[in-house]
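Okay, so here's the structure we're looking at.
Worth saying up front: this structure is predicted, and the values here are computed from it rather than measured.
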Amino acid sequence: TNMVESLKCASHEFEGGFVLSYADIVYQEDILLKMMNSNESIAVACDMDWENYWKERFENPLIDAERFRFDKNKIIEIGGKAKSLDEIESQYIGLLSFSIHGVNILNEWFSDRYKNENMFITDMITDLINCRKSVAAVRINKGWLEIDDLHDLEVAKKYISQTSRGSVKVLR
């Protein structure tokens, strides 16, 4: 199965809202606080200053970067292979928040729409958007890292070593 199935398995723990974080990312405390304090039902952290970081991680950023577009603060497209950098206004970092109302939307979506055990979170978000559910973009500028492989680990070590105390909290 995939990420959405894991999320569904934890749905009995959703009371009061929650923040969902991918396990392969690290981020500054202020980003987490921004997500926790969001007034949106469903909010997605997105890095507006993603491109240089992707160029360090990949010879060609389009190998991994996905489409991401929004209108004001509402996401209108997320996920899927981008053909050009013009299709990418930001980059999804794997951090979402759900308010109490957002939990209700998510549980309703699980009941009414969810059928694919191999679905990615970006597919779920896309389907929520297609169902006319509002998904907000919470803009950030750097302050996070993703570690998918040994190369990413080396890039992360470089960023961390550039800080005065070597702390992820003061990253970038």
Is there a side-chain contact between Leu32 and Met36 in this structure, where contact means two heavy atoms from C-beta onward sitting under 4.5 Å apart?
yes

So do the side chains of Ile129 and Ile76 get within less than 4.5 Å of each other, counting heavy atoms only?
no

Check whether any side-chain heavy atom of Asp30 sits under 4.5 Å from a side-chain heavy atom of Ile140, and report yes or no.
no

Atom CD1 of residue position Ile63 - does it have more than 12 heavy atoms of other residues, nucleotides or ligands inside 6.0 Å?
yes

Distance in Å, Trp144 CH2 paired with Ile93 CD1, rounded so as to fall on 0.5 Å steps
5.5 Å

Check step by step if side-chain contact (heavy atoms from CB on, under 4.5 Å) holds for Leu7 and Met124.
CA-CA 11 Å; Leu7 182 61; Met124 177 188 79; 3.9 Å; yes

Quick one: CD on Glu117 to OG on Ser6, what's the gap to the nearest 0.5 Å?
10.5 Å

Tell me if a side-chain donor or acceptor on Asp123 pairs with a main-chain N or O of Met119 at a distance below 3.5 Å.
no

Using 4.0 Å as the upper bound for N to carboxylate O, is an ion pair formed by Glu146 and Arg57?
yes

Does the side chain of Tyr53 reach to within under 4.5 Å of the side chain of Val155, using non-hydrogen atoms?
yes

Does atom NE2 of His101 have more than 12 heavy-atom neighbours from other groups under 6.0 Å away?
no

For a quick test of reading the model, state the closest non-hydrogen atom pair linking Asn107 to Ser11 and the distance between them.
OD1-CB, 3.9 Å

Value for NZ (Lys74) from CG (Asp71), rounded to nearest 0.5 Å, stands at 10.5 Å

Specify the closest pair of heavy atoms between Glu40 and Ala136, including all atoms of both residues, with the distance to one decimal.
CG-CB, 3.3 Å

Any chance CG of Asn130 has more than 12 other-residue heavy atoms, nucleotides or ligands included, within less than 6.0 Å?
yes

Same cluster (ILVMFWY, side-chain, under 4.5 Å), Leu145 and Leu153
no

Carboxylate-amine/guanidinium proximity below 4.0 Å for Glu154 and Lys157
yes

Going by heavy atoms in the side chains, are Phe18 and Leu106 under 4.5 Å from each other?
yes

Might you point out which heavy atoms bring Tyr27 and Ile31 nearest each other, and give the distance in Å?
CB-CD1, 4.2 Å

Looking at every non-hydrogen atom in both residues, tell me the closest pair between Gly94 and Ile25 and how far apart they are.
O-CD1, 3.5 Å

Salt bridge check: are Glu29 and Lys34 linked by an N-O gap of less than 4.0 Å?
no

Closest non-hydrogen atom pair, Met35 against Ser97
O-OG, 3.3 Å

Donor-acceptor pair, side chain of Asp149 and main chain of Asp152, under 3.5 angstrom:
yes

I need the Asp112 CG to Asp127 CG distance, nearest 0.5 Å.
10.5 Å

Is it the case that one hydrophobic cluster holds both Ile42 and Ile100, taking links as side-chain heavy atoms less than 4.5 Å apart, direct or via other members?
no

Please report the C-alpha distance between Phe98 and Val19 in whole Å, then the side-chain angles of each, then the deciding distance to 0.1 Å, and finally whether the side-chain contact (heavy atoms from CB on, under 4.5 Å) criterion is met.
CA-CA 6 Å; Phe98 294 84; Val19 174; over 6 Å; no

Ring-plane angle category for Phe58 and Trp54, please: parallel below 30°, perpendicular beyond 60°, tilted otherwise.
tilted

Linking I/L/V/M/F/W/Y whenever any side-chain heavy atoms sit under 4.5 Å apart, do Ile121 and Ile147 land together?
no

Contact between Ile75 and Val44 at the side-chain level, heavy atoms closer than 4.5 Å - yes or no?
yes

Does a side-chain N-to-carboxylate-O contact under 4.0 Å join Lys158 and Glu56?
yes

Residue pairs meeting side chain to side chain donor-acceptor pair (under 3.5 Å), one or both in residues 80-93, sequence neighbours left out, come to Tyr22-Tyr92

Got Trp109 and Val4 here, is their nearest side-chain heavy-atom distance under 4.5 Å?
yes

Electrostatic pair Asp47-Lys142, nearest N-O below 4.0 angstrom:
no

Assert yes or no for the condition that the ring centre distance of Trp50 to Phe68 is strictly below 6.0 Å.
no

Nearest 0.5 angstrom please: Leu128 CG to Ile78 CD1, how far?
11.0 Å

Using side-chain heavy atoms (C-beta onward) and a distance below 4.5 Å, is Glu66 in contact with Ile88?
no

Nearest heavy-atom contact between Leu95 and Ser21 is CD1-CB, 3.6 Å

